[in-house]
Amino acid sequence: MSAVSQGEELYNLLAELINQKINRTVLDSIRGEYGVLRHLLDVEDKISAGMLTERLHVVPGRMTDILNSLEKKGLIKRYRDEEDKRRVNVRITDAGKREVKEKRKYISKEYQGMFQILGEENTKELIRLLRIVLGTVKK
């Protein structure tokens with residue numbers, strides 16, 4: 001198989017995978033409310049709204065909408081930076097931490113079917129290959 005046809009086949013397979021309902025839900029959430037909460041829980045427990053916008057590759061207006069929604073739900077708190085009053089920082093609340101844990105359970109449950117089809121060894125291999133592609137191989 002030529003490199004061009006391999007590239008096209010990979011593209012088609014990835015497009016099909018991404019467009020499955022569960023993956024659409026996960027992808028939509030990565031840059032949405034869950035993505036913000038997950039970043040706050042896993043990466044930095046306090047960060048500026050501007051940095052969140054950069055790190056999650058979201059336009060500022062969309063980030064404002066996400067933060068407004070999360071704040072109304074009591075999942076985050078926004079506050080002025082002590083050193084730079086122009087900067088607004090964001091921190092996850094205990095309710096936000098619980099929300100992330102619930103979402104993780106949901107995602108794990110949804111992917112169980114795929115893991116059952118692949119089996120443990122193929123699942124590990126898929127994760128290993130994706131890490132190579134993404135450049136995040138654990139040493």
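The model shown is predicted, which means the values in this text are computed figures rather than measured ones. All heavy atoms count here, side chains included; hydrogens, waters and symmetry mates do not. Along the sequence shown, the residues carry numbers beginning at 1.
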Salt bridge (charged side-chain N to carboxylate O under 4.0 Å, His left out) partners of [X], counting only residues at least two apart:
X      : result
Lys124 : Glu120
Glu121 : none
Lys72  : none
Lys105 : Glu102

Does any part of the side chain of [Y], heavy atoms only, come nearer than 4.5 Å to the side chain of [X], both counted from C-beta?
X     : Y      : answer
Leu40 : Ile47  : yes
Tyr34 : Val100 : yes
Val90 : Leu52  : yes

To the nearest 0.5 Å, what is the distance between [atom1] on [X] and [atom2] on [Y]?
X      : Y      : atom1 : atom2 : result
Leu126 : Leu118 : CG    : CG    : 6.5 Å
Ile127 : Ile132 : CD1   : CD1   : 12.5 Å
His57  : Met63  : NE2   : CE    : 10.5 Å
Ile66  : Leu70  : CD1   : CG    : 7.5 Å
Ile92  : Arg98  : CD1   : CZ    : 10.5 Å
Ser48  : Glu54  : OG    : CD    : 7.5 Å

Suppose we screen for side chain to side chain donor-acceptor pair (under 3.5 Å). Which residues come up paired with [X], at least two apart in sequence or across chains?
X      : result
Lys73  : Glu33
Arg80  : none
Lys101 : none
Asp94  : none

Could you tell me which residues satisfy side-chain contact (heavy atoms from CB on, under 4.5 Å) with [X], sequence neighbours excluded, listed by chain and number?
X      : value
Asn68  : Thr64, Arg78
Leu10  : Leu14
Asn12  : Glu8
Glu125 : Arg128, Leu129

Worksheet entry | Expected output: side-chain Thr93 to main-chain Leu75 donor-acceptor under 3.5 Å | yes

Practice prompt. Could you tell me whether the side chain of Thr123 and the main chain of Gly119 form a donor-acceptor pair under 3.5 Å?
Written response: yes

